[in-house]
Amino acid sequence: MSSIRTECGLQLSNTAMTQEFDFSRYQNGSQVIQAIRTLSYKSGNTRTGTGLRYVADNFFGTSFLRPSIPKVVILITDGKSQDDVDEASERLKSQGIKIFAVGIKNADSRELTRVASTPAEDFFFYVNDFRILGTLLPLVSRKVCVSTGGLFIPDITSETYTGPSNLVFSDQTADSMRIRWTAATGPVTGYKIVYGPLTGLGQQVPLELREISLTSSQTSTLLQNLRAGTEYSVTVTALYANSIGESVSGRGKTLSPLGISNFRVTEAGPSFLRLAWTVSGGEPPSGYRLTYSTRGDGRTGEKTLSGSALSDTLGDLRSDTEYILVLYPQYQQQTGASVTLTGRTQRIGGVTDLNIQDVTSQSMTATWRGVREATGYRISWVSQTGDDTKDFDVGRTVSSYAIQNLQPNTEYTVSVSPLFGALEGAAVSTRVKTESGIVQVLRTFANSPTSIQVTWNLIPEATGYRLEWRRARGGAKSPQVVSLPTTVNNYEITGLRPGTEYRITLFTLYDGKEIATPATTSETGAIGSVTNLRLIDSTGRRVRLSWNGLAGATEYKVVIRSADGSFERTVNVPGNRNTIDIDELQEDITYYVLVSALIGRREGSPVSISVRTEAVEFSITNLRVLDARRGRIVLAWNGVPRATEYRIFIRNSEDGTERSQVLSGDQTTYELTDIQEGITYTVRITPVVGTREGNPVAINVKTEDTVVAGVANLRVVETTPSRLRVAWTGIARATGYRVTWRQSDGNVEPLLCRWIQCFRTHLLHCIYTVYLDSRTV
């Protein structure tokens, strides 16, 4: 409803403009007040703009205005106008008319601020309750008089007093809170307290507002029967004999009945958030439900926790992402009030100070400064053409890596990225070009007991070659040297001592530098090579090789080298064997194997083969129940070699809730606790080896009622001087019986006990003979 008062008595309903009376109709102020009190409410919509235009046209036209009379419009409304108010209000104000705007409860404050004359603090007023509208009368009256040049003379019986202040909330519980305030001044007759719950958006619920009245001497009270974990709005209003005074308002919140407090993030990483909370008093929860969702795209997750949990870690989260975390305590009969907080994962930082050193035609070394939280690093390199691409993972303590087997005169992009478990961080990259030149390979073989043939690659950029050799042991300290032109790629060293080791080095000469290529130590006298080197078996981390041996060989040298150069192993095999089992290799990796024959200390030319190990799936075996009692079940299994952990998931088949647990790799038993009788649980166990996850194995388990019926019809069927034969009616499904006996006075023989096994599943009639010592019969 909107109402407008002018120098004539006017009430504007929202569908029709009605002039109720003009001032010339009544002789004094008392008659005017009485006429106002008899006005009836006009229903309809809120069209404040239309009302203002009606006033401008009908009461402030040129023919109506009196220059000596102040011109004032007072607008009182409790809603937002459904038409435009700006044009009509500006028209009135341009005519020098003062507009006072009074808003109640649901009025639009911004709209009324535009309508009111300026400054707004002198012409705009607001109260949140119709019942205290009268408290504005002294203030509005004073402002109207002053704005029109008059002098406000207050009624001596209506002196303005200060209202209550300093509203404080204390002693909050789950269903009550105490409020206190500073008393109002003047002849206060009492206080009215209006309070009610607020919605999640901070709005009042009108149907739930409550009101209590207190005496003038009371400045505190206990609000009871409140809702737990709920914010309440409270207003304290001073009451006088003939009027309502000023008020003070505030908000207070009751406690959660569950006693959960201090829900917090204790640690945040790029892929995880560690949470903790406190249970303070009251009934402890039987469990928790923890939900988490991203603020942006609303991706959600949920976990079920035991009642003893006071912390949890959320893993596999996205980096630099804000999550909304809600913890719901579960009680036997209900779900308690939740607690909410937000947490943000860390931004994944990249490595720093990436540097490339020791660049040659085939290799380079990458160094970097690591990231504190990283669990490892991934080094990647790719040639400009993209035909040479590799990557390799190293541990968290490694800060350098030698990249080998590169192509000469080729530009590479080298990248290093931190790893956070299964999550890869941002890569830091740099470009570097290998040196020019063909890879030099020096080969030697004995032509005769006194000569060795040497061959090498011709390199276009070379300006010449220098070949040096000397005996490996003894002989002259200075080597023998021969210089050769760029067109020569072989040389026969003659005049050597038979059966002697020599160290041979080839220097490839360039403008301004030379590169040495040493040969493996060679002996005079030719040794042959093995033949028909082949792979005969490959199983997971193990391969078996065979070859045709060399007559007279005393040993075979086997060199195993990974394709990326990060692994190399040498094994010597006796000369009477021509097979080798190579185990403890990495799965799904290519290896180069070189086999050469040895005769004494002389070595023949190696023969090579490439093999690739298989990727093997793995899982636990013999998952079984060791013990099942009321409230607990013990499981056991045969573990996986080199397992680093086991991930266990337990699902309740009745309500679908699921919980998880991670065990260390050396554990092969697990005890389920806090489980309900008669409910089937599905337990799934997945082994993890390093970063590889095996196949899960599941089992359904269920606890049974532990009540066991007793046997019936126990009787003695035969007696002799040295024995008693007893019989009874057995129990179906029993696996055995315990028989105990002693003399009736209990003084001669101690209590004897013996277990007997029921060998037939449905044996219901059992007989057992008790043999007695003849001295006690």
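Count residues from 1 along the sequence.
Remark: Asn622 CG is packed, more than 12 non-hydrogen atoms of other residues, nucleotides or ligands lying under 6.0 Å away. Remark: Tyr592 OH is loosely packed, at most 12 non-hydrogen atoms of other residues, nucleotides or ligands lying under 6.0 Å away. Applying the 6.0 Å contact sphere to CD of Gln586 captures no more than 12 heavy atoms from other residues, nucleotides or ligands.
A distance-only check finds a donor-acceptor pair linking the side chain of Thr434 to the backbone of Thr410 [under 3.5 Å]. Without hydrogens or angle criteria, Tyr377 side chain to Val371 main chain gives a donor-acceptor distance under 3.5 Å. A donor-acceptor pair under 3.5 Å is formed between the side chain of Asn578 and the backbone N or O of Trp547. Panel note: side chain Thr682, backbone Arg651; no donor-acceptor pair is recorded below 3.5 Å. Formation of a donor-acceptor pair under 3.5 Å by the Thr463 side chain with backbone atoms of Leu509 is found in this model. Judged by distance alone, with hydrogens and angles left aside, the side-chain atoms of Thr644 form a donor-acceptor pair with the main-chain N or O of Val688 at under 3.5 Å. Under a 3.5 Å cut-off, the side chain of Ser383 and the backbone N or O of Asp388 do form a donor-acceptor pair. In this structure, Tyr288 contributes its side chain and Leu310 its backbone to no donor-acceptor pair below 3.5 Å. At distances below 3.5 Å, at least one donor-acceptor pair connects side-chain atoms of Arg344 with backbone N or O atoms of Asp320. With hydrogens and angles ignored, the 3.5 Å screen pairs a side-chain donor or acceptor of Lys303 with a backbone N or O of Thr313.
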**Asked** Which is it for Thr291 and Thr300 under the side chain to side chain contact (heavy atoms under 4.5 Å, CB included) test, yes or no, and what are the steps along the way?
**Response** CA-CA 7 Å; Thr291 65; Thr300 61; over 6 Å; no

**Request:** Determine, stepwise, if the pair Val428 / Val416 fulfils side chain to side chain contact (heavy atoms under 4.5 Å, CB included).
**Result:** CA-CA 5 Å; Val428 177; Val416 178; 5.6 Å; no

**Message:** Go through it in stages, so that I can follow the logic: the residues are Ser429 and Ser415, the test is side chain to side chain donor-acceptor pair (under 3.5 Å), and I'd like the CA-CA distance, side-chain angles, deciding distance and then a yes or no.
**Reply:** CA-CA 4 Å; Ser429 304; Ser415 304; 2.6 Å; yes

**Request:** Please step through side chain to side chain contact (heavy atoms under 4.5 Å, CB included) for the pair Ile620 and Tyr646, ending with a clear verdict.
**Result:** CA-CA 9 Å; Ile620 66 169; Tyr646 294 98; 3.6 Å; yes

**Request:** With salt bridge (Lys or Arg N to Asp or Glu O under 4.0 Å) as the test, would you mind laying out the steps for Asp564 and Lys390 before giving the verdict?
**Result:** CA-CA 8 Å; Asp564 60 8; Lys390 293 183 180 66; over 6 Å; no

**Message:** Using side chain to side chain contact (heavy atoms under 4.5 Å, CB included), reason through Arg264 and Thr278 one step at a time and then give a plain yes or no.
**Reply:** CA-CA 9 Å; Arg264 62 200 184 277; Thr278 303; 3.9 Å; yes

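The aromatic rings of Tyr465 and Trp456 lie tilted to each other, with the angle between the two planes from 30° to 60°.
Here the OH atom belonging to Tyr502 is positioned 7.0 Å from the CD1 atom belonging to Ile452, to the nearest 0.5 angstrom. For the atom pair CG (Asn638) and CG (Leu623), the distance works out to 9.5 Å, reported to the nearest 0.5 Å. Going from atom CG of Asn572 over to atom CG of Leu598 covers 6.5 Å, rounded to the nearest 0.5 Å. A distance of 4.5 Å separates CD1 of Ile459 from OG1 of Thr508, quoted to the nearest 0.5 Å. Here OG of Ser605 is found 11.0 Å from CG of Leu594. Values are rounded to the nearest 0.5 Å. Arg569 contributes atom CZ, which lies 6.5 Å from atom CD of Glu584 (distance to the nearest 0.5 angstrom).
Leu317 has its side chain within reach of Tyr292: a pair of non-hydrogen atoms, C-beta onward, lies under 4.5 Å apart. Put simply, the side chain of Thr486 does not reach to within 4.5 Å of the side chain of Leu458, judged on heavy atoms. Within the 4.5 Å cutoff, side-chain heavy atoms of Tyr323 are placed close to those of Arg318. Looking at heavy atoms from C-beta onward, Phe263 lies in side-chain contact with Leu325 at the 4.5 angstrom threshold. In this structure, Ile650 and Tyr670 have side chains that are in contact, with non-hydrogen atoms separated by less than 4.5 Å. You'll find the side chain of Val701 stays beyond 4.5 Å of the side chain of Ile675, heavy atoms only. Between Leu506 and Val454 there is no side-chain heavy-atom pair separated by less than 4.5 Å. At a threshold of 4.5 Å between non-hydrogen side-chain atoms, the residues Leu327 and Asp312 do not count as touching.
Electrostatic pairing of Lys433 and Glu411 does not count as a salt bridge here, judged by no charged N lying under 4.0 Å from a carboxylate O. One finds a salt bridge joining Glu468 and Arg466 here, because a Lys/Arg side-chain nitrogen approaches an Asp/Glu carboxylate oxygen to under 4.0 Å. Salt bridge present: Glu645 and Arg647 bring a charged side-chain N and a carboxylate O closer than 4.0 Å.
Between Thr686 and Pro696, the closest heavy-atom pair is OG1-CB, 3.2 Å. For the pair Val398 and Trp368, the tightest heavy-atom approach, listed with the atom from each and the gap, is O-CZ2, 3.5 Å. What you find for Leu533 and Val593 is that their closest heavy atoms are CD2-O, 4.1 Å. Looking at every heavy atom in both residues, Ser619 comes nearest to Val697 through CB-CG2, 4.0 Å. When every heavy atom of Arg534 is checked against every heavy atom of Asn532, the shortest pair comes out as NH1-O, 2.7 Å. Minimum interatomic distance between Ala516 and Thr505 (heavy atoms only, all atoms of both residues): CB-CG2, 4.1 Å.
No option in Leu635, Ile633, Val625 other than Leu635 meets the side chain to side chain contact (heavy atoms under 4.5 Å, CB included) test with Val683. Screening Asp581, Asp583, Asp537 for a side-chain hydrogen bond (donor to acceptor under 3.5 Å, both in side chains) with Arg544, the sole residue that qualifies is Asp581.
The closest side-chain donor-acceptor pair between Arg396 and Thr375, if any, does not fall under 3.5 angstrom.
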